[in-house]
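This report refers to the structure that appears directly beneath it.
Nothing here was measured: the structure is a model prediction, and the numbers come from that model.
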2 protein chains.
Amino acid sequence: MARRATKPASDDLDVRKATILEAVVSEHIDTNQPVGSSSVASSADIGVSPATVRSEMVSLEREGYLAQPHTSAGRIPTDKGYRYFVDHLENGVLGVAQQHQISDFFANVRGEVEDVLEQTSTLLSQMTSYTSVVVAATHAHASILSAQLVNIDAHHQLLVTVFSDGSVVKHSLTPSFDVDYETCAETSRQLNALLIGTTLETAVQVPSRQDHVAQLVRDAVAALHAQQPTADGEKVFIGGSSHVADSFDGVETVRKVLSILEQELLVVSLVQDMLSRGLSVAIGTENGFEPLSTCAVIVAPVTIDGLPAGAVGLLGPTRMKYQEAMAAAGAVSRHLARHFGGDEEHANH
Amino acid sequence: MARRATKPASDDLDVRKATILEAVVSEHIDTNQPVGSSSVASSADIGVSPATVRSEMVSLEREGYLAQPHTSAGRIPTDKGYRYFVDHLENGVLGVAQQHQISDFFANVRGEVEDVLEQTSTLLSQMTSYTSVVVAATHAHASILSAQLVNIDAHHQLLVTVFSDGSVVKHSLTPSFDVDYETCAETSRQLNALLIGTTLETAVQVPSRQDHVAQLVRDAVAALHAQQPTADGEKVFIGGSSHVADSFDGVETVRKVLSILEQELLVVSLVQDMLSRGLSVAIGTENGFEPLSTCAVIVAPVTIDGLPAGAVGLLGPTRMKYQEAMAAAGAVSRHLARHFGGDEEHANH
DNA sequence: GTTAGCACTCAATTGTACCGAGTGCTAGCC
DNA sequence: GGCTAGCACTCGGTACAATTGAGTGCTAAC
């Protein structure tokens, strides 16, 4: 009660305690069962009896790394225990088969950026058996390459805007007056003159004239700049949500997690939040969403030509296989960066 | 064994049998429990004793409408039993609250078609507590209003095509030669001359010259016409997949169903198949996918200005609340048609 | 044709005993 | 002083039997 021996406040543990903790965590990840002192003691490199392990476990429990479901059961890692485990994990290497799987995928993938990202998310979830998340960053900073107003019919026009990052956005206009082809063409010309080279963050000077073309230009610019800062253009691709069903016990947990995944905005903000806090793994309550308190989330930022371009992530139970999952996420993120970056081809073959 | 009394082959039942069957089905839908003879007997308008009900049930079981989990349990409807029930359901009316919910939604909804459909799917799943599916038909028959080649950089061009149904499609081109702005503009002009007014099913005569512009035109047309007939442009929006978790007992079933839902092509073909067979409800094995054999699927086609434009659907357990669900799907489908059809506004306000 | 009565079946529940994995503590050992 | 063998104790899980009760099928009488 009074004096503790060596490391009081530091989060560093005794070598032996660390070994024990790691043994408990990895065995629990394997078996999903409470881990007892004897199986830890027999676990290879601990030359010490179960009794000793036990007393160390008591201490680890007092310090919050382990917990006991009930008196006569083994120990389970707490979030803090997992955290220690993850922090002291050396970077894993991917199996050769998986490396090949990734390379093959990126060698053969076709289609537009969105298609590639969607398939990437499927790949990642198949590789890991966890639910995967691929987030493509907003194009708020991309400049406009082209803006064109297309006449659907007299009362419906479509503003089609192409950005320098290759994204295309459409906005419907429904003016109260009739519009003909020529008016559209003229509006397109003025829009191009006005918008090309600007970003969505640039303020532009719209014409104040009262004619129809000016009116359309104003409407178009307004529609374009009206992007909700929330829906912001991030695209999210979620793959393998069926894995949620086998990652968690308890239907209620499954429902909660699925229900979070349905809200893409939440997912985006979770990932963004982790990136901004510099976290690559969020364990249990660390992610800030109560319904996800039995989940762990792994993210790996994707950086293309030095710029943040999004992230890939994995969501699994706290008892997930961190090393494998982190290695997979990392590898896929690097491949993505290479695929879209620099001198490489942009999307299509 | 020899003679049966009245209706031998017809799928029509005795009035009393029908009443009993309906009582069993609706009580089982309410309780998710096998239904016994006595609770059917006491169920209102059957002026008959449990014993009589029992002997009728034996006969219903022989004819395949009911099944018994085990000897001393009540009866459960078979798929055939549900089918009879559904076929003899008079059209339900939606609750006032729900009618309001739908009207409010469509009065306030903003954004492009895709956004509206996505939100519609969320609406439908929230109203019914089932997983919803919204399918927007392909634009194979829509004609091209505009085709433009935009220069991303010297080696990357984006072909942006606008169709008469308001859809916008992009295709990346990566020619092996450098392309400048003027080449792009000229290509765009030729593409427009060539493509405007055609559909993707129209064959077009591409130029056979060897200059860069002609090359680009050929590439662009090829990319445009290369649409997989499968991925065909149908958009699918799935809402409320978390409801899968509380619709089914058994993690394995949940996993299977989610895993089907992940494969959008499967979902589309399921819906298309049902539409082409003129089915509005597929119960259990009727839907043709083994993993969905404990599911029922409801679809309601969406017809805009007389043309098939897609469908809305609901997926739940075979013991779903058919009347409510069908009413909801029907109402939403009608509102969608009105929202996008005729003189109404196209998408935006 | 209907039904009351009855014997029967079988899942679900309850109670009991037991096993064993795992613990915490302590006394003795190195 | 740290480690460990030994031991009493805890408590979830399992196995088994007894009991309950919802529900059936059959039959004889109305």
Any donor-acceptor N/O pair, [X] side chain to [Y] backbone, under 3.5 Å:
X        : Y        : result
A:Arg319 : A:Tyr82  : no
B:Arg83  : B:Val281 : yes
B:Glu252 : A:Asp246 : no
B:Glu262 : A:Ser241 : yes
B:Ser121 : B:Val134 : no

Could you check how far [atom1] of [X] sits from [atom2] of [N], rounded to whole Å?
X       : N      : atom1 : atom2 : result
B:Leu60 : D:dT24 : CG    : C1'   : 15 Å
A:Arg62 : C:dG24 : CZ    : C1'   : 12 Å
A:Glu61 : C:dT23 : CD    : P     : 10 Å
B:Gln33 : C:dA12 : CD    : C1'   : 11 Å
A:Ile20 : C:dT23 : CD1   : P     : 11 Å
B:Arg75 : D:dA22 : CZ    : P     : 17 Å

message: For D:dC3 and A:Arg16 - does any side-chain N or O of the residue sit under 4.0 Å from the phosphate oxygens OP1/OP2?
response: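 It does, given that an N or O in the side chain of A:Arg16 lies less than 4.0 Å from OP1 or OP2 of D:dC3.
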*Examine D:dC7: is either OP1 or OP2 under 4.0 Å from a nitrogen or oxygen in the side chain of A:Arg54? Give yes or no.*
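It does not, given that no N or O in the side chain of A:Arg54 lies less than 4.0 Å from OP1 or OP2 of D:dC7.
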**Request:** Assess whether side-chain contact (heavy atoms from CB on, under 4.5 Å) is satisfied between A:Leu292 and A:Glu286, documenting all intermediate values.
**Result:** CA-CA 9 Å; A:Leu292 297 187; A:Glu286 292 175 359; over 6 Å; no
Closest to side chain of A:Ala51, choosing from D:dA5, C:dA4, D:dT24: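 Nucleotide nearest to A:Ala51's side chain: D:dA5.
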Checking contacts here: which listed nucleotide (C:dT3, D:dA5, D:dG25) is nearest the side-chain heavy atoms of B:Gln68?
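Nucleotide nearest to B:Gln68's side chain: D:dG25.
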Give A:Ser37 one of three labels, base, sugar-phosphate or nothing, depending on what nucleic acid heavy atoms sit under 4.0 Å from its own.
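Sugar-phosphate, no base atom in range.
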Under 3.5 Å, is there a donor on one side chain and an acceptor on the other for A:Ser55 and A:Thr52?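 Judged by distance alone, the side chains do not pair up.
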Identify all pairs in which a protein N or O lies below 3.5 Å from an N or O of nucleotides 7-10 of chain C, and state each distance.
residue, atom, partner, partner atom, Å
C:dT9, O2, B:Ser72, OG, 3.2
C:dC10, OP1, B:Thr71, OG1, 3.2
C:dC10, O4', B:Ser72, OG, 3.0
C:dC10, O2, B:Ser72, OG, 3.2

Report the residue (B:Glu56 or A:Met57) whose heavy-atom-nearest nucleotide on DNA chain C is the more 5′ of the two.
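The residue mapped nearer the 5' terminus is B:Glu56.
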